[in-house]
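Residue numbering restarts at 1 for every chain, and letters A, B, ... go by the order of the sequence lines. Side-chain atoms are counted along with the backbone in the values below, which use heavy atoms only and exclude waters and symmetry mates.
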Amino acid sequence: MPSRADIRRGAEWALRLALVAMLALSLWRATHEGAPGPVTRTTRASDLTPALAAATRTDRIGALEVEMDAFPAPAQRAWLVALRRAGVEVRWRGAVPVMAVAAERVREPRAAVRMLLTSGAGAAYVLSDSAGALDSLMVPAAGATLEAADVVGPVRARQGAYLSSVVAPEATPRREVLVLGRASWESRFVSSALSEAGWRVRARIPTAPGVAVTDPAMLPLDTARYDVVVALDSTAADLGSAIVRFIATGGGLVAVGSATTMGALRSLVPARAGTRRPGRILLDTDSMSRSDLPLRPLEGLSLDALVLERRPGAVAVAVRRAGLGRVLAVGYDESWRWRMLGGVGGPADHRRWWSHAVGLVAPERDVQPSMVGSGDAAPVAVLVGALGPASLARSPALEVGQRTLPLALLILIVAALLAETASRRFRGAR
Amino acid sequence: MTDFVFATAQYESGDWDSAPMVPANIIDTIARYTSIDVAPTGVIVGLSSPAMFRYPLLYLTGHLPVRFTEAERTNLRAFAERGGLLFVDDHNHDIDGTFHKTATEELARVYGPLRPIPNTHPLYRTFFTFEDGPPTTSHELNGWGDNLVHKTLSGVERSGRLALVYSSKDYSSEWNYHPDNKRFLSVDNTKFAVNLVVYALTR
């Protein structure tokens, strides 16, 4: 039976052997630096390029974990995807803000850029283009919409280090608008408002049986010449079938008051104008607003009608798609009073409202999708699409990387050396 | 929709009501020749009242000196900016008369300088065609007033549309007769008023 001293000596030998083995392993690791292995490298998105370069140059990095403190640039994102396809496991984590920005040209002659921003409620954003800041805002739950006369380069929405960007489509000239109505102040001032807003307006205004004030070359009525027809009353009835064809091929129609009740247009309009409700009597004031106008409330809304404006107990404006075109029904048939009696801002308000109404139904054939050419309009969606969902947060203790293994080996070597030396010293040996 | 209402402008100085039969004759003419829905009676509206903005075509005449109040000037400026058309006629038919001198001075303060309206203007072709520009009046042909036949009207445009038409031809006398007497005329002398109304409603 071995004595305690034999056992102790045996343990010392075992420690010596272990030391030699661990030193051999360290030597092997030192001489085999380029050997493949399941090494995970952790980096931040704000400092991603060196890690990408390292992961590309050496095959020792088997996994790359990215802390998303910012969104990677499109090139970096493509690089990550390429690494993944090359066999490197790419993971990402971090509480990134869900955000998306879109930009479209308003379908009006001025062709302003409308920016739509959606994000978590209450998030603070700064919008800018290549020329500088456009605006800053807190995004409400329903998202935010802003308009700018024009933008230079891509539109960027920034929340801290997180950036979303989109390229606005190019502005293209609008086609003409045909106004059909009887000789009245409504015809006159709707035409004026649209002209002043930059629309090229042709009009046909009957003034007597068989006599009309008509712009030359009014017909044919087709989408090659016109964007929108504005029918202010039932005098458009003789062009009913032409208007139906025009809408079917992508044109827009604004039908006002009695124009919504014309038989030919019945299948197109989203609703029909009902019995007139008088406006507010404002004898001695110059402050009429749209809500003070007389109204023919829209009735019998079609199932696909979208209500755009309501008045107490009534629908004032509604829109629907018909064929390839769109049709807007308007219950205000005396909007000219708003322009004349709406105070200093009346003409501008009236002009803006009418231009917007016509723009709503104008064809969008020349509007390019804002996502084209820009992969960062919805960066989180793009990120998930490229790299998959975020990985769960992992404990650093579970990670085994190129730095942790040599350190553990060193600790084991030192501990074994100390134990073996102490054992020999305590038993009096050298 | 509401009918067209013929409105006569009332101003604080002068005799704004010097031609009281004109509205009835013009209303008769509009109803006779056009399909425009016209109110059977005209209205009188003060230039200092916001109510004037309810009538985008205003007729103004008189014999006596015209001095607008500040409120009248302010309203007329807004009226022009919003798209209203003011038709002013010198009931004296006299470019040396007090109405012409004072009215043109006041109008120039409000609208800027008056310029001749070319006789090719759409105003003369928008319903009836007047090849030679504004039709002459019997007062011109009879040598009354300034003893001149005025070849053109004057005016001011805003955004490519007439905002002011000024006449020295004395249409107020020409059109100021009882409507029942129109049947005795071989040629209806109020046809030019139709062009004024149609122009205002369509251009």
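Most heavy-atom pairs under 4.5 Å with chain B: of the set Val213(A), Ile205(A), Thr207(A), Val344(A), this distinction falls to Thr207(A).
A salt bridge (charged side-chain N to carboxylate O under 4.0 Å, His left out) with Arg339(A) is found for one member of Glu334(A), Glu196(A), Glu186(A) and no other, namely Glu196(A).
Heavy-atom distances place both the backbone and the side chain of Arg203(B) under 4.5 Å from chain A. Proximity to chain A (any heavy atom under 4.5 Å) is shown, for Ile30(B), by neither the backbone nor the side chain. At a 4.5 Å heavy-atom cutoff, Ala203(A) makes no contact with chain B through either its backbone or its side chain. For Arg337(A), the part lying near chain B is the side chain, with the backbone staying farther off; criterion is any non-hydrogen pair under 4.5 Å.
In this structure, Arg125(B) is not positioned above the aromatic face of Phe130(B) in the sense of NZ or CZ being under 6.0 Å from the six-membered ring centre and within 45° of the axis.
By the 30° and 60° cut-offs, the orientation of the rings of Tyr171(B) relative to Trp175(B) is parallel.
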Passes salt bridge (Lys or Arg N to Asp or Glu O under 4.0 Å), Glu106(B) versus Lys101(B)? Steps please. CA-CA 9 Å; Glu106(B) 282 290 342; Lys101(B) 287 183 174 175; over 6 Å; no

Step by step, would you call Asp238(A) with Arg204(A) a salt bridge (Lys or Arg N to Asp or Glu O under 4.0 Å)? CA-CA 12 Å; Asp238(A) 63 312; Arg204(A) 188 196 66 174; 2.8 Å; yes

